[in-house]
Number of protein chains: 2
Amino acid sequence: MKSSKKNIGAESGAKKLTPQREAVFKVIVDREDHPTAGEIFEAARQRLPSISYATVYNSLRYLKEAGLVQEIRFGDSASRYDGITDRHDHAICNECGKLVDFDLPQTAQLMQAAARKSQFKPESVHLTLRGLCADCREYQ
Amino acid sequence: MKSSKKNIGAESGAKKLTPQREAVFKVIVDREDHPTAGEIFEAARQRLPSISYATVYNSLRYLKEAGLVQEIRFGDSASRYDGITDRHDHAICNECGKLVDFDLPQTAQLMQAAARKSQFKPESVHLTLRGLCADCREYQ
DNA sequence: TAGCGATTTAGAATTAGTCTAAATCCAGAT
DNA sequence: ATCTGGATTTAGACTAATTCTAAATCGCTA
């Protein structure tokens, strides 16, 4: 149950994914929006009609643990998944909920300071900007 | 539905809350942890035995919109509520899930830069640190 | 005090996600 | 080629969180 497969995202076995995990992964990477598990299920079904919901969740857990995707969760109901695994930040539109990636390198530099303030041993930092996306600000 | 009550957290009508909303608000403010809706329901019930779950959720929505509390949502299942309404940041323990408040003023200064990168009209920024809390790092 | 909008209530409904147990798959041993 | 055990997949039941609904109640203001 603890598993010993650490060689997933590494140089060697990048092709060891099962067809289901592969399909789930492809769905996430192929779209620049950040699909929910439900959306991933629908899309994966296109390629692999027999795939089940449970398998999507199993695959997502697996891919997350393998560091191939990232789970993002904000005020809305469902988690979203992001295929960009480099450190980056997110902007969420308060009007339409759109989620946009961006990278503000300064964020990473705040990690030590944040660790000091919080007394945590730091592992990652993430900045969230809330506001109005380009589309929504037009109509304000 | 859009409502025009902007005078809630302001100087004037800080006492306009209904008993239920008051109770929910007090629960959140009186504890320094970040209770879930379920925990708030249990605690509010102590003061107001007839309060219902739906009212807790209604009150939470109301208080959020009034700017009196903040909803926080991370990888776990349930949303948590925070009575500190000044801008601040959060650290979450990857081991035990503990949630700690801190303020890194530099974060606020990144808002314009983040807005530029994301093309958003900015409204708020928030930094999330993940790592190990003081308790958990002892056992690593 | 009658009427009206806002609020509260209980419980049903919905949604996201997890669990379970049986079926299937696959790699290595025979 | 066949057997076997572990990992994976599947359908569907289950759980937990949250929202919805419709009736009851509250608190004004006319």
Side-chain angles (χ1 to χ4, degrees), chain A residues 1-8 12-13 15-28 34-45 47-66 68-81 97 99, chain B residues 1-8 13 15-25 27-28 34-45 47-66 68-69 71-81 97:
Chain A
M1 209 144 246
K2 238 54 225 289
S3 103
S4 58
K5 36 186 79 116
K6 288 260 70 213
N7 56 329
I8 306 296
S12 61
K15 259 293 64 70
K16 297 304 260 209
L17 295 177
T18 65
Q20 289 83 351
R21 290 170 183 175
E22 176 87 31
V24 167
F25 184 51
K26 278 243 171 82
V27 168
I28 298 172
H34 300 74
T36 63
E39 289 162 352
I40 294 166
F41 172 61
E42 288 308 332
R45 199 135 76 149
R47 308 167 188 245
L48 221 54
S50 77
I51 199 170
S52 81
Y53 227 101
T55 297
V56 169
Y57 275 106
N58 290 341
S59 301
L60 288 171
R61 174 153 27 82
Y62 179 90
L63 294 169
K64 250 191 303 179
E65 283 169 8
L68 293 172
V69 307
Q70 235 181 266
E71 181 181 6
I72 319 166
R73 178 157 250 233
F74 294 110
D76 343 61
S77 27
S79 283
R80 302 188 158 273
Y81 295 86
L99 182 49
Chain B
M1 211 144 246
K2 237 59 225 288
S3 107
S4 58
K5 34 188 80 113
K6 289 263 68 212
N7 55 328
I8 304 296
K15 252 314 38 82
K16 295 307 261 213
L17 295 176
T18 65
Q20 289 84 349
R21 290 169 183 175
E22 176 88 29
V24 167
F25 183 51
V27 167
I28 298 172
H34 301 76
T36 63
E39 290 162 353
I40 293 165
F41 173 61
E42 288 309 332
R45 213 158 38 168
R47 308 167 188 245
L48 221 54
S50 76
I51 199 171
S52 80
Y53 230 104
T55 298
V56 169
Y57 276 105
N58 289 341
S59 301
L60 288 171
R61 174 156 25 84
Y62 179 90
L63 294 169
K64 249 190 304 178
E65 283 170 7
L68 293 172
V69 306
E71 182 181 6
I72 319 168
R73 178 156 249 233
F74 295 110
D76 344 63
S77 29
S79 284
R80 302 189 158 272
Y81 294 85

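Chain letters run A, B, ... following the sequence lines, proteins first and then strands; every chain starts at 1. These numbers come from the heavy atoms of this one structure, side chains and all, not from hydrogens, waters or symmetry mates.
In this structure, B:R61 does not reach the D:dC20 phosphate: none of its side-chain N or O atoms is under 4.0 Å from OP1 or OP2. Between C:dT8 and B:R21, a contact under 4.0 Å exists linking OP1 or OP2 to a side-chain N or O. Between B:R45 and C:dT9, a side-chain N or O to OP1/OP2 separation shorter than 4.0 Å is absent. Side-chain N/O atoms of B:S79 include none lying less than 4.0 angstrom from OP1 or OP2 on D:dA17. Dashed line: the shortest gap from a side-chain N or O of B:T18 to OP1 or OP2 of C:dT8 is under 4.0 Å. Contact check, B:Q20 against D:dC26: no side-chain N or O comes under 4.0 Å of OP1 or OP2.
The nearest whole Å value for the distance from the CD atom in A:E39 to the P atom in C:dG17 is 11 Å. Look at CZ on B:R80: it is 10 Å from P on D:dA17, rounded to the nearest Å. Per the geometry, CZ belonging to A:F41 stands 10 Å off C1' belonging to D:dA11, to the nearest Å. For B:Y62 and C:dG5, the OH to P distance is 19 Å, given to the nearest whole Å. Rounded to an integer number of Å, the gap from CG of A:L17 to C1' of C:dC25 is 16 Å.
Within residues 47-60 of chain A, the residues having any heavy atom closer than 4.0 Å to DNA chain C are, in order of number, A:A54, A:Y57.
Atom NZ of A:K64 and atom CZ of A:R61 lie 8.0 Å apart (nearest 0.5 Å).
Taking B:F25 as the reference, B:L17, B:V29, B:L63, B:L68, B:V69 meet the side chain to side chain contact (heavy atoms under 4.5 Å, CB included) condition, with sequence neighbours excluded.
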